[in-house]
Amino acid sequence: MSSAQDPFYIVKEEIQDSIDKLQSTFHKWERISPGMGDQVHVTKELLANCGSIEWQVDELEKAVAVAAKDPALYGIDEAELERRRRWTSNARTQVRNVKTGVLAGKGSAGAGNASEVRRELMRMPNSNEASRYDQYGGRDDDGFVQSESDRQMLLIKQQDEELEELSKSVERIGGVGLTIHDELVAQERIIDELGTEMDSTKNRLEFVQKKVGMVMKKAGAKGQMMMICFLLVLFIILFVLVFLT
């Protein structure tokens, strides 16, 4: 099976595209100043994408493990299996590095900024909540409610987009699984047909052997000698025709 038709490489390409987009978003996240609202949103997006890609890599590793049980059935060898294992391990490492970088924070913000980000993601209150409430307390109540409503709508929209992307990824992987199933069914059908053909050939061979045995038995010793001489002459003629002409 060529690489273009191998389901592994189809899923691998999709996962690699997701990793490339993840790393691009992570580099943008690194350039955002600490404490800005955009940083929290981008952080949630990064962590959600990390979880989605890790799940896809897990499913791909399970497929490699299944193929490793009988490589000949899938038309691959040990070297190819090792390349696939190395790729999935490398992909997992790339995602883990991004996830670790997001949780740990960046630059001078250190552990304090990472804790702040995690607190915001988990919607846990901290000491800044009181000061932020005091700041809003002096503003118009309607403006504050509208601002919070807009922020909640933005979060809901982002979550809907993430769920939609995850749903598409699941559908693609499901399609690949169906393709693998169809190929296995086709191979099983070919093997069954080959087994039936071999049984039929075996039966015909046994029938011919019985007929030859009956002819030899009826011919007696003299007839057997004549048949051997005839076959020998026939063999010599065929040999001359094939190798000397």
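All values below were derived from every heavy atom in this structure, side-chain atoms included, with hydrogens, water molecules and symmetry-related copies excluded.
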With sequence neighbours excluded, residues passing side-chain contact (heavy atoms from CB on, under 4.5 Å) with [X]:
{"X": "Val233", "value": "Ile237"}
{"X": "Ile76", "value": "Ala67, Pro71, Tyr74, Glu80, Leu81, Arg84"}
{"X": "Glu188", "value": "Asp192"}

(request) Run the numbers on Ile15 and Thr88 for side-chain contact (heavy atoms from CB on, under 4.5 Å), then give the verdict. (result) CA-CA 10 Å; Ile15 295 177; Thr88 55; over 6 Å; no
Quick one: [atom1] on [X] to [atom2] on [Y], what's the gap to the nearest 0.5 Å?
{"X": "Leu241", "Y": "Ile236", "atom1": "CG", "atom2": "CD1", "value": "12.0 Å"}
{"X": "Ile191", "Y": "Glu193", "atom1": "CD1", "atom2": "CD", "value": "10.5 Å"}
{"X": "Ile10", "Y": "Thr179", "atom1": "CD1", "atom2": "OG1", "value": "6.5 Å"}
{"X": "Glu82", "Y": "Trp87", "atom1": "CD", "atom2": "CH2", "value": "15.0 Å"}
{"X": "Ile19", "Y": "Asn90", "atom1": "CD1", "atom2": "CG", "value": "7.5 Å"}
{"X": "Ile53", "Y": "Lys21", "atom1": "CD1", "atom2": "NZ", "value": "10.0 Å"}

(message) If only side-chain N and O atoms count, and only distance matters, is there a donor-acceptor pair under 3.5 Å linking Ser200 with Arg204?
(response)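 Short answer, yes.
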(request) Check which hydrophobic residues are tied to Met198 through side-chain heavy-atom contacts below 4.5 Å, counting indirect links as well, and list them. (result)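 Once heavy-atom contacts under 4.5 Å are chained together, Met198 belongs with Leu194.
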Considering only heavy atoms from C-beta outward, does the side chain of [X] approach that of [Y] to under 4.5 Å?
{"X": "Arg83", "Y": "Arg86", "value": "yes"}
{"X": "Gln56", "Y": "Ser169", "value": "yes"}
{"X": "Glu45", "Y": "Trp29", "value": "no"}

(message) Whether Arg172 and Glu14 form a salt bridge (side-chain N of Lys/Arg under 4.0 Å from carboxylate O of Asp/Glu) is what I want to check.
(response)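 Yes, this pair counts.
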(request) Using a strict 4.0 Å threshold on nitrogen-to-oxygen distance, state whether Glu59 and Lys62 make a salt bridge. (result)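 Looking at Lys62 together with Glu59, the answer is yes, because their closest N to O distance falls below 4.0 Å.
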(request) Would you check if the side chain of Thr100 reaches a backbone N or O of Arg96 as a donor-acceptor pair within less than 3.5 Å? (result)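 Yes, Thr100 side chain to Arg96 backbone: donor-acceptor pair under 3.5 Å.
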(message) Strictly distance-based, threshold 3.5 Å: is any side-chain N or O of Ser24 a donor or acceptor partner for the main-chain N or O of Asp20?
(response)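 No: the side chain of Ser24 does not pair with the backbone of Asp20.
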In terms of hydrophobic clustering (I, L, V, M, F, W, Y; side-chain heavy atoms under 4.5 Å; direct or indirect links), are [X] and [Y] co-clustered?
{"X": "Leu22", "Y": "Val102", "result": "yes"}
{"X": "Leu47", "Y": "Leu166", "result": "no"}
{"X": "Phe8", "Y": "Trp55", "result": "no"}
{"X": "Val11", "Y": "Val64", "result": "yes"}
{"X": "Leu178", "Y": "Tyr9", "result": "no"}

Which atom of [X] lies closest to which atom of [Y], heavy atoms considered:
{"X": "Ala91", "Y": "Val57", "answer": "CB-CG2, 4.2 Å"}
{"X": "Val98", "Y": "Cys50", "answer": "CG1-SG, 4.1 Å"}
{"X": "Leu73", "Y": "Gln187", "answer": "O-OE1, 3.1 Å"}

(message) Go through it in stages, so that I can follow the logic: the residues are Val42 and Phe26, the test is side-chain contact (heavy atoms from CB on, under 4.5 Å), and I'd like the CA-CA distance, side-chain angles, deciding distance and then a yes or no.
(response) CA-CA 8 Å; Val42 177; Phe26 177 68; over 6 Å; no
(request) Any pair with a residue in residues 234-244 that passes salt bridge (charged side-chain N to carboxylate O under 4.0 Å, His left out), sequence neighbours left out, goes on the list, sorted by first then second residue, please. (result)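 Output for this query is empty, none listed.
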(request) Answer yes or no: does atom CD of Glu13 have more than 12 heavy-atom neighbours from other residues, nucleotides or ligands under 6.0 Å? (result)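 Result for CD/Glu13: open.
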(request) For Arg85, check side chain to side chain donor-acceptor pair (under 3.5 Å) against everything at least two apart and list the hits. (result)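 Side chain to side chain donor-acceptor pair (under 3.5 Å) check on Arg85 returns nothing, list empty.
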(message) Could you walk me through whether Arg92 and Asp58 satisfy the side-chain contact (heavy atoms from CB on, under 4.5 Å) test, starting with their C-alpha distance in whole Å, then the side-chain angles of each, then the deciding distance to 0.1 Å, before giving a yes or no?
(response) CA-CA 9 Å; Arg92 187 180 297 281; Asp58 287 340; 2.4 Å; yes
